Each structure stands twice: as structure tokens, then as C-alpha cells.
Amino acid sequence: NDDSETYTDTVEINVLFKPTVTQSPDTTYTPTVGDDVILIWVVTGNPESTITISDSLTTTIHTTTLTADYVQTITHTVSSVSTTDTATYTWSVSNDAGTSDDIGTFTIDVYYTPTDVTLTLTTTDGSIEDGDSVIDVVETTDVILECVVDSNPSSTVTLTDNTSTQLSTTTSTSDNIQTYTYNIDDIDSADSGVYTCTAVYTANDDSETYTDTVEINVLFKPTVTQSPDTTYTPTVGDDVILIWVVTGNPESTITISDSLTTTIHTTTLTADYVQTITHTVSSVSTTDTATYTWSVSNDAGTSDDIGTFTIDVYYTPTDVTLTLTTTDGSIEDGDSVIDVVETTDVILECVVDSNPSSTVTLTDNTSTQLSTTTSTSDNIQTYTYNIDDIDSADSGVYTCTAVYT
């Protein structure tokens with residue numbers, strides 16, 4: 001009828017959809033000790049969603065229902081992180097339309113410089129020493145050096161010996177703690193010195209070096225070198241110098257005795273663990289012949305070089321004496337002519353005292369060498385010849401000759 005009218009009806013559709021989640025940072029964050037960490041989750045969903053966030057340290061840390069425009073930002077702050085804040089965060093979001101497919105995890109991995117670099121020494125008896133002072137170890141002891149470094153990320157660790165040579169170590173790592181071990185078997189004096197554990201820590205384009213040291217002082221029983229070596233043969237009037245060079249650690253005590261006066265020298269050696277002991281006998285005489293015995297010891301033991309040393313004084317014949325003994329036992333020396341009645345038995349005796357021994361001959365009144373009976377005692381040589389039933393043909397000069405070389 002030439003008339004038009006409009007009528008309407010509407011349907012409003014509210015599409016429900018399960019949540020989607022965007023997290024920031026993406027998966028792992030590596031702050032340094034002292035940093036503030038901000039974790040962000042952006043949740044979009046319809047209808048309102050519920051988000052639950054948990055960490056591996058304190059379980060549930062956040063539960064909320066999101067309502068505003070179905071898009072909401074969740075923020076969690078960890079202020080001034082420490083090494084104990086390393087944690088993994090898990091979260092889930094759901095609404096009436098379902099649970100987000102973005103269920104996932106997020107990790108805070110706190111970076112920290114070495115909290116401690118510790119170099120320790122363990123000896124055979126199980127005692128453990130750190131590097132606060134010099135550590136005394138007796139030679140032949142088995143020693144274990146152990147360096148422990150705690151850092152995140154792990155440091156580059158080296159262990160060097162007393163000559164700054166890098167050692168080949170046994171290594172293990174647990175919970176960011178690195179352990180480096182080196183064994184020294186039968187330690188000796190050459191192993192004395194400073195051992196160093198060095199940790200080079202690199203993170204976020206920055207590098208720092210940390211060290212710890214142990215100083216080992218190897219104790220060893222003394223060794224002794226004497227001079228002259230075993231026997232010295234001065235001549236009467238010479239000065240004799242006896243020398244003992246003692247090397248030991250710790251300080252050693254040396255006792256020197258001779259066969260004449262017992263102990264002649266006792267001293268404690270301290271200077272650099274090497275010391276020279278000198279004993280002088282001035283202008284020796286025949287009575288200075290003696291054997292010296294010595295011993296050296298310290299806290300590490302007694303020297304294996306316990307030994308002797310002899311002064312054997314050389315001297316020319318102090319006396320060459322030719323005497324004559326007759327039947328009645330009277331003894332005459334050669335200062336004058338000796339009268340002897342025929343048929344008497346006569347003994348000629350030549351005595352020579354020298355060192356070293358002389359070459360001795362006894363000749364008769366015709367300069368013929370006689371066959372003598374010989375004996376020697378304490379450098380005194382005695383040569384004896386018998387003339388039985390002496391007669392006029394035996395008259396003349398008899399001679400004892402000592403050739404000293």
C-alpha cells in the first residue's frame with residue numbers, strides 16, 4: 001500500500017576461547033647476584049581466566065582471576081637476587097573454554113662470581129690443611145691437593161705447581177661446584193714451594209680471575225758431605241781443616257766426636273737449612289791422630305750419612321835406635337864402643353817410629369844386610385838379629401838404616 005516499515009532483531013555472539021600466554025623473558029633469564037628480576041606473563045582469554053604460577057623453591061607464588069577486557073598482564077618481581085633464588089617457574093592458565101596450550105616453564109639461573117676458591121692439602125694421615133700458612137709435610141708422605149670453585153657459570157680452573165707448571169688434574173662438578181684433584185706421591189724436597197689454584201670467571205662479556213695458594217714445606221732428614229772424604233794425612237806442623245756440609249729441613253743438630261776428647265762440636269743448624277761446619281786442628285802433632293765420628297738428625301729423621309773421618313798424622317822417624325842386649329840382659333845403645341866377651345850371645349834390636357812406616361835394613365860389620373825378625377805396633381817397627389857365640393870376627397860397626405818416604 002505504498003508504505004514501508006523496517007523491523008529488526010539481533011543476536012550477540014560472545015566467542016569463548018581458551019587463554020593464550022606470552023611470557024617475558026622467553027625461557028631462561030641469567031641475572032647476576034644483586035640484580036632485580038621482573039617476570040611478565042600476558043594472558044588473553046574469554047571468559048575470565050585463572051592463572052596459577054609456582055616455583056621450585058616456594059611452590060605456589062601467584063593465583064589470580066583475570067577479568068579486565070580478558071587481557072591482563074601478570075608481573076612477578078624478585079628483588080636483588082642471590083644464589084638461592086635460582087628457580088624454575090611453572091604456570092598454567094584456564095577458563096571455561098579450556099586450558100591454555102601454553103602451559104610451560106621459565107627459569108631464573110642466577111649468575112655469580114666464585115664465592116670461594118679453596119685449595120686444600122690432605123696428607124697420608126687424613127689431616128686437611130688450607131692455605132692460610134706454610135704446611136709442613138715430611139718427605140715420602142703421599143699428598144692430595146684439592147681445589148674447589150663454586151661459581152655460575154662454571155669457571156676455567158687450573159692448578160699449577162711450585163714451578164708454575166700446569167698439573168693434570170682429576171675433575172668433577174656438582175651443583176656448580178667444581179673440584180680439581182692432584183696427587184703427589186712420595187713427596188720430596190723438590191716439591192717444596194707454592195701451589196696455586198686459579199679460577200677465571202667469564203660472564204656477560206666480563207672476565208675476572210680468582211686464586212688461592214698452598215705453600216708446602218717438605219721436611220727431610222739431613223744429608224752430609226764431609227771434606228776431605230775419609231782420611232786425611234797431614235804432616236806434623238800442618239793445619240788441618242775438617243769440613244761438614246749439612247743439608248736438612250727443618251733445622252738439624254750435628255754432633256761431632258773424636259777418639260781423643262769425645263764430643264768436640266754440637267750445634268743446631270738453622271741458616272737456610274744448609275750449613276757448613278768447620279773444625280780446625282792447628283799445627284798437628286803425632287798425638288793429633290784421631291778418628292772423628294759424627295751424626296746429624298732433625299725432626300724428619302737421622303741422616304743415613306752417619307760416618308767417620310780419620311786424621312792420620314804423618315811424621316818422619318822421631319827416633320832410630322839400635323841397641324845390643326847381652327847374655328846377662330844388659331842393654332847398651334850405640335853411643336860408644338860396646339865390649340863383649342867372646343862366646344857371648346848377643347841380640348841386636350833396631351826400633352824405628354815413623355808414619356807411614358819406613359823401609360828398614362840392618363847391616364853387619366861387613367855391610368852385609370842381615371835377615372831380621374820384624375814386628376810393628378802403632379807405627380813402631382822393631383827389627384831383631386841374634387849373634388850366637390860371638391867371636392873376634394864379629395867385631396866392627398853394625399848399622400840400622402831407615403829410609404822414610
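Remember, it's a predicted structure, so these values are computed and weren't measured experimentally.
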Spacing of CG belonging to L348 relative to CG belonging to L324, to within rounding of 0.5 Å: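 Between atom CG of L348 and atom CG of L324 there are 5.0 Å.
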Enter the distance from N95:CG to E48:CD here, rounded to the nearest 0.5 Å.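 Between N95 CG and E48 CD, I get 8.0 Å after rounding to 0.5 Å.
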Kindly indicate whether the side chain of [X], heavy atoms from C-beta on, has any atom under 4.5 Å from the side chain of [Y].
X    : Y    : result
H76  : Y89  : yes
V93  : W41  : no
V320 : C400 : yes
V137 : I187 : yes

Identify which one of T99, N46, D101 satisfies the side chain to side chain donor-acceptor pair (under 3.5 Å) criterion when paired with K18.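 Exactly one option meets the side chain to side chain donor-acceptor pair (under 3.5 Å) with K18, and it is D101.
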Under the side chain to side chain donor-acceptor pair (under 3.5 Å) test against Y112, which residue among T86, D150, N152 passes?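 Looking at T86, D150, N152, the match for Y112 under the side chain to side chain donor-acceptor pair (under 3.5 Å) is D150.
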Over 12 foreign heavy atoms within 6.0 Å of CG, N14: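 Above 12, so yes.
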Looking at D175, I'd like to know if its CG atom is crowded, meaning that more than 12 non-hydrogen atoms belonging to other residues, nucleotides or ligands lie closer than 6.0 Å.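 No, not enclosed.
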Might you point out which heavy atoms bring [X] and [Y] nearest each other, and give the distance in Å?
X    : Y    : answer
A97  : L16  : CB-C, 3.9 Å
S168 : Y182 : O-CD1, 3.4 Å
A190 : N162 : O-ND2, 2.9 Å
F309 : T231 : CE1-N, 4.4 Å
T173 : Q178 : OG1-CG, 3.9 Å
T113 : Y201 : CG2-CE2, 3.6 Å

Identified side chain to side chain contact (heavy atoms under 4.5 Å, CB included) partner of L39 from the options T75, I108, I53: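 Answer after filtering T75, I108, I53: I108.
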May I have the step-by-step check of side-chain contact (heavy atoms from CB on, under 4.5 Å) for T198 and T209, ending in yes or no? CA-CA 7 Å; T198 303; T209 300; 3.6 Å; yes
Sub-3.5 Å donor-acceptor pair from the side chain of D185 to the main-chain atoms of D142, do we have one?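 The answer is no, because no donor-acceptor pair under 3.5 Å joins these two groups.
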Could you check whether S164 and T160, counting side-chain N and O atoms only, form a donor-acceptor pair closer than 3.5 Å?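 Result is no, nothing qualifies.
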Will you find, in the side chains of T118 and D116, an N or O donor that is under 3.5 Å from an N or O acceptor?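 Yes, because at least one side-chain N or O of T118 sits under 3.5 Å from a partner of the opposite role on D116.
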